[in-house]
Amino acid sequence: MILYSLSRLYDRLRSDPRSGIAPFGFSDQKIAFCVVLERDGSLSDVGIEDLRRAHGKNLVPAGMLVPGGAKPSGAGINPNFLWDNPAYMLGFELDDAKPEKTAEKFSAFRDRHVALDSEIGDPEFSAVCRFLRHWKPAAAMDLPLLSELTGGFGVFRVRGEQRYVHQRPKVDDYWRRQVRAGDAAERGQCLVTGESGTIARLHQPLIKGVLGAQPGGAAIVSFNCDAFESYGKSQSLNAPVGEDAAFQYATALNYLLRSGSRQRVQIGDATVVFWTDTPTKAEEFFGYMFDPSGAQDDALKLELGAFLARIAVGEYPAELGSPETPFFVLGLSANAARISVRFWFQSTLREVSDRVGLHYRDLEIVRSARDTPFPPPWQLLRETARESKDIPPFLSGALMRAILNGLPYPEAMFAAVIRRIRADRRVGHVRSAILKACLTRRSRTQTGSMSQEVPVSLDPNRPEPAYQMGRLFAELEKTQEDALPGLNDTIKDRFFGSASATPATVFPRLLRLSQHHLGKLEHGPRVYHDRRIQEICQRLDGFARHLGLEDQGLFAIGYYHQRHDIFTKKSPPEGDAGRE
Amino acid sequence: MSQSQSCVHLRVWGELACFTRPEMKAERASYDAITPSAARGILEAIYWKPEIAWVVDRLHVLRPIRFTSLRRNEVRQKIPAGTARSVMKVGRGFLGFYIDDGDNRQQRAATLLRDVEYLIEGHFKVMGGSDPEAKHFEMFRRRAEKGQYFHHPYLGCREFPAEFAWHDGKPPNSANQGTRDLGLMLHDLDFANGMAPRFFRALMVDGVIDVPPFESLGRQA
């Protein structure tokens with residue numbers, strides 16, 4: 001279904017002239033320079049024209065449709081047709097280590113074009129051939145721009161013409177004809193379209209833009225080792241895909257992954273692309289939702305915030321597009337030269353919007369003004385490890401599957417967050433939100449040990465002792481902070497981990513300590529704190545010897561709720577409350 | 001479905017399954033449901049003789065379709081068939097390769113199905129021999145009821161064993177109600193014609209996939 005949906009996306013992009021997507025046999029390449037010739041084939045006075053554009057401080061090559069695709073990797077001689085790097089086009093290479101090889105490259109390039117002169121029969125093409133025949137590679141030294149370019153690709157143009165030689169009608173015709181002829185390839189049933197046709201041997205173009213893949217590109221459908229081949233078939237014959245279908249899905253995927261694309265985001269180690277069957281606003285919007293850093297200007301941020309708020313309450317914003325439009329999400333991750341599919345999700349806009357809304361509703365927890373109301377998935381994953389590179393690799397796929405399918409969140413995420421809380425003793429908004437969401441979904445989809453959903457804000461009447469113990473810990477910590485201001489190590493730094501895991505050994509000591517703290521306080525605050533501690537203590541019937549993982553999560557949530565409650569301004573200040 | 005004496009219903013289930021898509025063999029991704037060829041493999045594992053050929057008629061997907069991912073360390077080489085043949089001829093030789101050789105290791109990710117349960121409806125054709133249909137049927141039924149097999153049936157890949165049970169009566173209701181298009185699925189391999197794969201359009205209606213006859217997929221030039 002994945003390849004089929006991608007090839008349908010290609011069809012949609014082809015019918016949209018603004019997309020600039022390459023037709024069969026062509027590809028989009030970065031062209032840095034252009035060799036400008038006279039009609040008789042000599043190099044014009046302009047010489048080499050720089051086609052790079054300014055992008056911030058740097059000059060970057062322009063993207064252009066050229067015949068053929070990128071070169072295969074390796075040390076072979078592969079001259080392209082009317083475009084190539086300076087070594088092939090002019091026999092020039094900066095700091096040439098192998099001048100004989102460069103000369104060979106130039107000869108191959110020249111021979112390829114000269115051989116086609118009579119067949120194409122175009123005056124500009126003949127000019128190129130004449131140029132190549134008479135060109136001496138040594139003369140390249142006189143062209144200063146070449147050394148500055150340090151590689152990059154170039155094309156040909158005749159002075160006075162607007163278009164490039166490879167865009168001439170006869171040249172274009174020739175190329176389209178010969179690209180269809182192909183060698184006697186195998187025929188079979190294509191597994192994407194179901195029709196019979198020639199089977200692609202290698203799936204070109206390679207997929208570029210997946211994080212972690214080799215820079216030259218990787219392949220989804222690849223059989224680059226013996227062990228992956230079956231029934232004696234070699235390479236892509238193991239998975240017959242028609243040539244057209246192969247070109248289409250690969251080109252469409254490259255389009256989605258291109259730099260500057262708003263339809264791709266990075267979540268953990270997975271590069272995620274998404275699209276809809278027909279052009280909709282949702283295609284842009286979901287990119288920002290998964291990665292808000294892309295939204296630079298404030299007006300856009302406000303609009304997004306409004307959208308998310310509406311989705312979170314279960315409303316479907318009609319501006320996204322027709323609710324029945326099919327929506328596709330594909331998560332990819334790289335393994336050297338291969339790409340593996342982390343997850344694939346296909347549904348309607350309405351369903352995706354509902355699921356995302358449910359996700360944010362589950363995540364909702366009381367927060368301060370500084371905290372983001374709708375933390376994106378990468379931020380959730382970030383809380384599971386100390387550094388981004390330590391995030392467990394499969395978590396991103398599992399998290400996205402859980403969000404899009406409305407399934408319980410991965411157990412590993414819950415456990416990782418608890419581990420991080422114990423390691424660095426911080427319980428922030430995002431971590432509490434994750435814990436609350438995991439517990440809520442667990443209680444909703446299976447009969448967990450909890451009867452009610454975890455609340456968004458403080459609920460003093462919660463029956464679970466773990467929750468109350470978390471609240472108690474927060475109160476004890478505040479008592480200590482008020483009694484001994486400016487302390488380096490509070491009880492949270494020393495005892496949070498053990499209090500949440502083995503309360504029976506820790507809480508009696510903490511309660512004894514709190515008596516000393518209370519003694520240090522003035523009368524007013526002392527009564528206030530004492531009352532709050534008592535209010536929680538009377539709900540507890542002793543302390544459990546050991547709390548399981550789920551209860552440790554409740555402990556952390558109780559702590560967070562209580563802490564938030566303490567620091568929320570209430571009308572009477574602390575001193576007055578004590579005098580009541 | 002006519003109740004001829006060669007129709008069988010077999011319920012299979014397992015924790016993990018991987019009906020590998022041919023286009024994603026390196027980093028395995030599973031189809032959404034069991035393929036007819038995998039179902040045939042299960043039936044053959046329980047009972048098969050050269051005199052019969054199994055045909056899968058219908059597949060019931062009973063549990064919701066859920067995926068999970070795994071990453072495993074595997075090897076990149078195969079022992080070439082030519083080497084094995086020459087060693088057989090000579091009578092001695094070294095056929096192994098080292099599993100922990102750094103060059104040989106490949107880490108491969110796999111996207112698998114979780115908690116699967118299927119009901120396979122199939123029948124066999126008697127290709128030769130003198131035994132009547134009923135005899136083959138009884139043998140299969142006995143073996144399926146007792147849990148006997150030639151090799152342990154598996155769900156797509158050998159490392160995902162399948163539990164099985166003989167099923168009588170009406171097929172149970174599936175958790176997958178409604179119509180769902182599963183796209184082109186591999187039907188089976190045409191062993192008679194260069195092991196060419198044949199694909200069919202799988203439509204799951206209330207959890208039931210009707211499998212077209214293999215011959216109807218036609219020879220593709």
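Residue numbering restarts at 1 for every chain, and letters A, B, ... go by the order of the sequence lines.
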Which atoms of A:Thr193 approach chain B - backbone, side chain, both or neither, heavy atom under 4.5 Å: backbone
Mind ranking A:Gly397, A:Cys190, A:Pro240 by heavy-atom pairs under 4.5 Å with chain B and telling me who comes out on top? A:Pro240
Given that the side chain runs from C-beta out, which part of B:Phe191 has a heavy atom under 4.5 Å from chain A: side chain, backbone, both or neither? side chain
Working to the nearest 0.5 Å, report the span between CZ of A:Phe394 and OG1 of B:Thr111. 7.5 Å
Tell me which of these, B:Met195, B:Arg66, B:Gln107, has more heavy-atom pairs under 4.5 Å with chain A than the rest. B:Met195
If you count every heavy atom of other residues, nucleotides or ligands that lies below 6.0 Å from B:Glu15 atom CD, does the total exceed 12? no
Please look at A:Ile2 and chain B and tell me whether the side chain, the backbone, both or neither of the residue comes under 4.5 angstrom of a heavy atom of that chain. side chain
Under a 4.5 Å heavy-atom criterion, the part of residues 174-187 of chain B in contact with chain A comprises B:Asp181, B:Leu182, B:Gly183, B:Leu184
Residue from B:Arg76, B:Gln77, B:Arg201 scoring the most non-hydrogen pairs under 4.5 Å with chain A is B:Arg76
Of all the residues in residues 20-30 of chain B, which have a heavy atom that comes within less than 4.5 Å of a heavy atom in chain A? B:Arg21, B:Pro22, B:Glu23, B:Met24, B:Lys25, B:Ala26, B:Glu27
Please classify the contact between B:Ser69 and chain A as side chain, backbone, both or neither, with a heavy-atom cut-off of under 4.5 Å. both
Selection from A:Asn405, A:Leu407, A:Val241 maximising heavy-atom pairs under 4.5 Å formed with chain B: A:Leu407
Interface moiety of B:Gln106 toward chain A, non-hydrogen atoms closer than 4.5 Å: side chain
For B:Lys78, does the NZ atom sit with more than 12 other heavy atoms under 6.0 Å from it, leaving out its own atoms? yes
Minimal non-hydrogen separation, A:Ser333 against B:Arg71, with atom names: OG-NH2, 4.3 Å
